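Computed from a prediction, not measured in an experiment: that's the story for all the values here.
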Amino acid sequence: MAAAKTAISPTRAEDYPEWYQQVIKGADLAENSAVRGCMVIKPWGYSLWENMQKGLDRMFKETGHQNAYFPLFIPMSFLEKEAEHVEGFAKECAVVTHHRLEPDGKGGLRPAGPLEEPLIVRPTSETIIGATYAKWVQSYRDLPILINQWANVVRWEMRTRLFLRTSEFLWQEGHTVHATAEEAMEETQKMLDVYTDFAENYMAMPVIRGEKTPGERFPGAVTTLSIEAMMQDRKALQAGTSHFLGQNFSKAQEIKFQSQAGQIEYAWTTSWGVSTRLIGALIMTHSDDDGLVLPPRLAPTQIVIMPIYRDENQKAEVLAYCDTLRKQLGTLSYAGESLRVEIDARDLRGGEKKWYHVKRGVPVRIEVGPKDMANNAAFVARRDTGESKSTPVAELIATLPALLENIQSSLFQKALAMREANTVELNSEAEFRDYFKPDDEQGRSSGGGFAKCWFASEQDVQPLLDELKVTIRCIPLDAPKGSGTCFLTGKPSTTQAIFAKAY
RNA sequence: CGGGGUGUAGCGCAGUCUGGCUAGCGCAUCUGGUUUGGGACCAGAGGGUCGUAGGUUCGAAUCCUAUCACCCCGACCA
C-alpha cells in the first residue's frame, strides 16, 4: 500500500525544516518580504498573534501592569551605558545616521543631513525606558512601576527563519522598577508564571521553567529565567524570558529613589518578554503532515461549517440550515468566550475546501449536506486526530464546548508525552556523545532530545557543547538540589541542568 | 563574512554542458461543456524583454565579466 497522501510535502520525517516552511505557506500565515530578513504576517497569522496578545494582555493587567509606549529610536549613547548590554546587542543593531534624502543627480536618492548622534533602532528597550524611569522615580512612593509595551524590535540577524528568527519581530516587553531586590525577584518569577500559564493553558505547549546559566543569560541581567519547550524534532525552543536585572541598569541610568528611611538608593529592575516566535513554537509543537494544528483557545476560527449541495435549490436550503446552526453555536461559549464559528460558502469543490481548512488548522470542521439535514444532523471532524462522525444537532450543541476542551487538553497531553519520551538522564561523556551525535551525512541531527545532566562548571563543559552544538537550556526550578557528579569531569556537582540542541 | 546552490509565466520546473525554428511543461487563472458527500474530467484561451548591466557572436536563456537577490551549511541569536 502506498503511503497516505499528505497535504504538506515533505513530511516531518523527510525534511523537518522544509516541512516547517511549507506548513506556514499552506496555512497562509506569513511570507518573506521584499526586505531581507523581514516577514509579512498575513491575516491568518496575524489573527493568531492578536489572540495571543489578547490572552497575555489580560494576564498582564490582572497582575497589575499597564501598557505604555516608548520610542523606536534610541540614542546610541544610551546603549553604551551598560557594558554587558552593549556587548550583547551592538553586533546586531540597525543604525540611523541621516535624517534626509536628496537627489543624487543620477535619478536616485542619497542620504543627507547626518545626525549629530546616530540613533539605533531598538533591539530591546531597557536603556530608553530606564532613562525615562530615572526621571519618574524620586521617592519610594513612586514605586513600583509596572509597565508593559507592545512593540516591534529589530535585531540584524545573519540568518532568518519565519517567526523563529527575523530581523524585525513583534513582541511585548515588560519593564518594572522596585524598591527592593526581593520584590523585583518576586516580579521576575511572577511573570515567568504568567508565561507558563499562557504556554500551557492557551498554547497547549508544555514548558520547563528554569534559570539560565551565566553564559546564556540576557546581557546585563543578574538572573534570567526562561520557559523552554520541545519541538517535534526534539530540539529546544526558548519561548519566553523574564530577567531580574538587579541594580545594573539603575546604576547605569541613575534610577534612584529616597527610601522611607531617607537614604538615596538605586532601584531594582526587571524585564520580561515573549515574541511572535511563539507562533513558530505553536507550529512546531502541534502541526502534522497535513499542516497546521491549532489549539482551540487560540484558533482565529474554532469551527468552520461547510455547506455541501448539488444545485441552486439545495444550496439555498443548506445555507439556511447552516446559518441556523451557526447562530445556535454562536450562543455557546468556550473558555469564557463565544465560539468563533464561520461558514465557508465559497463556490469551491468540497475536497479543496476541506483541505484548505485542514492546512490552516481549524480545530473542528462541520460538514452539512442534504442527507444531514434530513437526519437533523451534521458531520463533525476534529483536526487533531482526524476522527469524524455524523452527529445529531442537539448532541452537537450539547457537546461542542466539551469537544474543544478535549482537543485543547489532548494537544497538551500529546506534546507532554512527546517531551517525556525524549527526556533522559545522562551520566557520562560517552552517553552524552551518543545521545547528541549527528545522524545524517550532512552532520545534521534530528535533535536528540532533552538530557538531564549534573555538571560542575560551565567552562568545563563548553568545548564539548560547542563540538556537538548542544546548549545548556536551563537549570529547572524543580531540579533536584542534592549533589551529583559532573557527567564530563566527574567533579562533585550541585547543579543538574537540561541540555539540548536548540533553535 | 566564509563554503555550496538557485534565479526562465502567479507557483513549481525543463531547456544552459554542446549558442540556432515562433522559449516549453505541470499546477493555478479565464471561457465553454460534463461532473458533484469531496484535492474532478474534456476542449479552448490568456499570461514571459529567461534576476540586472555590460561583453563575445550573423545569432545568447545558453558562452565571458560584473552585479543583485534568495536558499542551504558555518560563525551570531528571542
Interatomic distance where [atom1] belongs to [X] and [atom2] belongs to [N] [whole Å]:
{"X": "A/N32", "N": "B/rG7", "atom1": "CG", "atom2": "P", "result": "18 Å"}
{"X": "A/Q22", "N": "B/rG12", "atom1": "CD", "atom2": "C1'", "result": "10 Å"}
{"X": "A/I8", "N": "B/rC11", "atom1": "CD1", "atom2": "P", "result": "18 Å"}
{"X": "A/E18", "N": "B/rG12", "atom1": "CD", "atom2": "P", "result": "11 Å"}
{"X": "A/R365", "N": "B/rG37", "atom1": "CZ", "atom2": "C1'", "result": "12 Å"}

* **Positions of residues 149-157 of chain A (non-hydrogen atom under 4.0 Å from RNA chain B), listed by number** =>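 Within this stretch, A/R155, A/E157 sit under 4.0 Å of the strand.
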* Under a 4.5 Å cut-off applied to non-hydrogen side-chain atoms, are A/Y195 and A/W272 in contact? ->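 Of all side-chain heavy-atom pairs linking A/W272 with A/Y195, at least one is under 4.5 Å.
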* For RNA chain B, what string of dots and brackets results from 5' to 3' when Watson-Crick and G-U pairs need both distances under 3.5 Å, crossing pairs get [ ], and pairs with another strand get |? -> ((((((((.[[[[.)....(...]]]].((((((.....)))))).....[[[[[..)....]]]]])))))))....
* **Nearest-neighbour nucleotide for the A/I308 side chain, B/rG38, B/rG39, B/rG37 considered** =>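 So the nucleotide nearest the side chain must be B/rG38.
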* Pairwise P distance for B/rC68 and B/rU22, with rounding to whole Å ->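 Roughly 35 Å separates the two P atoms.
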* **ring-ring contact (aromatic ring centres under 6.0 Å, His included) involving A/W44 - partner list, sequence neighbours excluded** =>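 Partners of A/W44 under the ring-ring contact (aromatic ring centres under 6.0 Å, His included) test: none.
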* Ignoring backbone atoms, establish whether A/Q21 has a side-chain N or O less than 4.0 Å from OP1 or OP2 of B/rC72. =>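 Affirmative; the distance criterion is met.
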* Check whether any side-chain N or O of A/R349 sits under 4.0 Å from OP1 or OP2 of B/rA40, and answer yes or no. =>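 Yes, A/R349 has a side-chain N/O under 4.0 Å of OP1/OP2 on B/rA40.
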Considering every strand and a 4.0 Å limit on heavy-atom distances, what is the contact class for [X]: base, sugar-phosphate, or nothing?
{"X": "A/L164", "result": "base"}
{"X": "A/K371", "result": "base"}
{"X": "A/S167", "result": "nothing"}

* Are the charged groups of A/E367 and A/R365 less than 4.0 angstrom apart, N to O? ->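 Salt bridge flag = yes for A/R365 with A/E367.
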